[in-house]
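What follows is a short report on a single structure.
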Amino acid sequence: MPYIGELTQAETIAATDQFPLDQTNTDGTTDTRRAPASLFADWLLGQVGTVQGPPGPAGRAGDQGVPGPQGMQGVAGIGVAGPKGDKGDTGNQGAPGPADPAGPGSTITSLTQTTTISATDLVGISQGGADHAITLQNLLDGQTIDAASAAAPASDTDAFWVGQGSSTMLAQTFAAVWTWIKTKLPSYKRPVLELAINTTLDGSIHNGSILVCSQPVTLTPAFINMGSGFTCSVVNVSGGNVIFGAGVTTSSGSQTLPTGQAAELRAFTYTGGNVVFAAIAGGSVAPPTQAPGQVTGVTVGATTASSVALTWTAPGSGGAASSYTVNHRVTSVGGAWTSQSAAGTSATVSGLAASTQYDFQVIATNAIGNGTASATVTGTTPAAGVAAPGAVTGVTTGTATGTTLGLSWTAPSSGGAVASYSARWSPHGANTWTQIDSISGTSTTISGLTASTSYDFEVEAVNSGGNSGWTAAVTASTTSGGNYLLTAGFAPTAGSTWSISALAGGSIIVNTNDNSIAADGSHTVPASVSHAFSLSNSVVPTVFPDGPGAAFSNGGHNWWGTYAHAPATPGNYYLWAVAKDSGANVVATLCLPSAFTITA
């Protein structure tokens, strides 16, 4: 019988090759049989899986299990019976190779347990049918809320992740958060803003605030900037009357809020249109004890061939006015006045002759008597047959010096063709206007102003059919004598769209160039430049939540940058920059020419 050492050595082995083996029968006898290599390999792999290999390194250790099948090489030591000779000696069995800790016959619970994990630790994954490892950091990267399924309407039992006292992720319910919020509500305080100048109400500045009027000011509504749901409180602590401008409906029927009284303002939209309503404390004004003072600021507005529109400011002294008497007469004739009554601080005088100049005056009235008549103003009706221009929009102040200030606006989009424009200005709140006419374009420079002084500016369009009426006033100040200038920076991009959810209460980088240290050396460095987002491109903001920006150099110029908090409500916003001198006087303003959009 040949021994195994006498056999011819095989170069390869296939699944169909045969191996001799002794196999015990059920009766205890032993037979020599043959088995294919594939069956023998299956048996060996099963035996290898029962051997517990040492734990592999974390993560990638699974790959080390592959050498396990090397134990098969020991099979060659098994004695092979020759066809005729005696049975050969049994060879020594090869040592089993190391088993895969995570391979067949092992479980994840048998692995060494860890209690911490870091970004660089490896996690096993199957990718394309092959085993791989990936770091925890890369495994988590790119996971965004956009990949989540749409949620049902929120409920108290809904839960979200929260870090509480550490970086450990815990679950929190909305109901628990609401309970926490309720504990904070008693300590919440509404913002308080002091108003000492005439103000146009803006939702991004005044909504939810207590407006303390320390001077007799006029509050003008701009519903497009307020929005439905706007609310604020107005308290008059001045020595005169606070006036609600045209467009405010009051519970008392009077546009006057006397000193020592308060009102709640609410703006809302319903089937009847847009309404700004002032609920004056007590529902009515206390009975007057004296006649009203003198009406001021009578202004001629839009005119037609047969009518003239007038506006005015309620008296700042005396008793509250309950109504007004509007008088007119032909200037060239003089004599007696023709009268009509008005409930608010505006009226249109109709039934007039074309191409005629008229005098106008207004008198305030209450239960005690009449006030002193206003100063007389004149207005001329145009020739019949021509429609007047539509409203001028977008009035913006530009470069300011100690004696000049730039002014620009947008031409009317309706009405008759514009022949020319008129502009007028007055020291802020004084209603003593100086006017220039026959302006051919949509911009001009107002000169002859006083340094470090705040002015109101208005514009109207004119043709032979009449005029558009004066725009709402915009306010800006001359400088203390330096030549200041602001030009647009490079963020945010005009016309871009930002998402509140993407910003997540964060900031938008904004910046402005004040053109100082320029090549011509003619511009002055302001003491500060602040930025603010506003829904209006004509009303200069007065509140800058992020404070003055930081100065930095760029291309030889002096720039001012701010990490400005993003607006909290959707809308079309304008970026304003306001420069002030060392005396806190506004010396230059700039509004980004195109709006950018904030979405939900």
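Summarising the geometry of Ser204 relative to Ser534, their closest heavy-atom pair is OG-CA, 3.9 Å, with the distance given to 0.1 Å. The two residues Phe552 and Gly561 make their nearest non-hydrogen contact at CE2-N, 3.6 Å.
Other residues, nucleotides and ligands contribute at most 12 non-hydrogen atoms within 6.0 Å of the OH atom of Tyr563. The number of heavy atoms from other shown groups lying within 6.0 Å of CD1 (Ile224) does not exceed 12.
No side-chain heavy atom of Pro216 sits less than 4.5 Å from a side-chain heavy atom of Asn241. Side-chain contact check for Tyr455 versus Leu405: every heavy-atom pair is 4.5 Å or farther apart. Side-chain contact between Phe533 and Val510: present, with at least one pair of heavy atoms (C-beta onward) separated by less than 4.5 Å. In this structure the side chain of Phe596 never reaches within 4.5 angstrom of the side chain of Thr497, judged on heavy atoms. The shortest distance between side-chain heavy atoms of Phe223 and Thr269 falls below 4.5 Å. In this structure, the side chains of Gln172 and Val177 come closer than 4.5 Å at one or more pairs of heavy atoms. Residues Val276 and Thr249 form no side-chain contact, since every pair of their non-hydrogen atoms from C-beta on lies 4.5 Å or further apart. Contact annotation: the side chain of Ile243 approaches that of Thr256 to within less than 4.5 Å [non-hydrogen atoms, C-beta and beyond].
Between Thr396 and Ser408, the side chains place no donor N or O within less than 3.5 Å of an acceptor N or O (distance only, hydrogens not considered). Side chain to side chain, Asn572 and Thr597 meet the donor-acceptor criterion of an N or O pair below 3.5 Å. Counting only N and O atoms by type, the side chains of Glu458 and Thr471 include no donor and acceptor under 3.5 Å apart.
A distance of 6.0 Å or more separates the ring centres of Phe268 and Phe277.
Taking CH2 of Trp559 as the start and OG1 of Thr487 as the end, the distance is 6.0 Å to the nearest 0.5 Å. For the atom pair SG (Cys213) and CD (Gln261), the distance works out to 13.0 Å, reported to the nearest 0.5 Å. Distance check: Asn225 CG to Ile205 CD1 gives 9.0 Å after rounding to the nearest 0.5 Å. Here Gln215 contributes atom CD and Glu194 contributes atom CD; the two are 8.0 Å apart, rounded to the nearest 0.5 Å.
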Thr345 and Gln255: side chain to side chain donor-acceptor pair (under 3.5 Å), yes or no, with the steps?
CA-CA 7 Å; Thr345 56; Gln255 301 302 111; 5.1 Å; no

Would Thr562 and Asn511 satisfy side chain to side chain donor-acceptor pair (under 3.5 Å), going step by step from the backbone distance to the final call?
CA-CA 6 Å; Thr562 303; Asn511 50 67; over 6 Å; no

Would Asp514 and Trp560 count as a side chain to side chain donor-acceptor pair (under 3.5 Å) here? Give the steps.
CA-CA 8 Å; Asp514 70 20; Trp560 300 80; 2.7 Å; yes

Run the numbers on Thr220 and Asn198 for side-chain contact (heavy atoms from CB on, under 4.5 Å), then give the verdict.
CA-CA 8 Å; Thr220 303; Asn198 293 342; over 6 Å; no

Can you check side chain to side chain donor-acceptor pair (under 3.5 Å) on Asp456 and Thr475, steps first, answer last?
CA-CA 5 Å; Asp456 296 329; Thr475 304; 2.8 Å; yes

Could you walk me through whether Asp546 and His531 satisfy the side-chain contact (heavy atoms from CB on, under 4.5 Å) test, starting with their C-alpha distance in whole Å, then the side-chain angles of each, then the deciding distance to 0.1 Å, before giving a yes or no?
CA-CA 8 Å; Asp546 300 287; His531 298 85; over 6 Å; no

Walk me through it: do Thr512 and Leu590 pass the test side-chain contact (heavy atoms from CB on, under 4.5 Å)?
CA-CA 9 Å; Thr512 304; Leu590 172 72; 4.1 Å; yes

Working for side-chain contact (heavy atoms from CB on, under 4.5 Å), residues Asp202 and Met226:
CA-CA 5 Å; Asp202 188 322; Met226 298 164 69; over 6 Å; no

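A donor-acceptor contact shorter than 3.5 Å is absent between the side chain of Ser209 and the backbone of Leu193. A donor-acceptor pair under 3.5 Å links the side-chain atoms of Thr179 to the main chain of Ala175, judged by distance alone. A distance-only check finds a donor-acceptor pair linking the side chain of Thr199 to the backbone of Ile197 [under 3.5 Å].
Remark: Ser155 pairs with Thr157, Asp158 by the side-chain contact (heavy atoms from CB on, under 4.5 Å) rule, at least two apart or across chains. Not counting sequence neighbours, the partners of Thr393 by the side-chain contact (heavy atoms from CB on, under 4.5 Å) test are Thr410.
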Name the atoms and distances for all side-chain donor-acceptor pairs under 3.5 Å in residues 229-237, with sequence neighbours left out.
from: Thr231; atom 1: OG1; to: Leu265; atom 2: O; distance (Å): 3.3
from: Ser233; atom 1: OG; to: Arg190; atom 2: NH1; distance (Å): 3.2
from: Ser233; atom 1: OG; to: Arg190; atom 2: NH2; distance (Å): 3.1
from: Ser233; atom 1: OG; to: Glu264; atom 2: OE1; distance (Å): 3.1
from: Ser233; atom 1: OG; to: Glu264; atom 2: OE2; distance (Å): 2.5
from: Asn236; atom 1: OD1; to: Ser238; atom 2: N; distance (Å): 3.0
from: Asn236; atom 1: OD1; to: Ser238; atom 2: OG; distance (Å): 2.7
from: Asn236; atom 1: ND2; to: Gly240; atom 2: O; distance (Å): 2.9
from: Asn236; atom 1: ND2; to: Leu257; atom 2: O; distance (Å): 2.8
from: Asn236; atom 1: ND2; to: Pro258; atom 2: O; distance (Å): 3.1

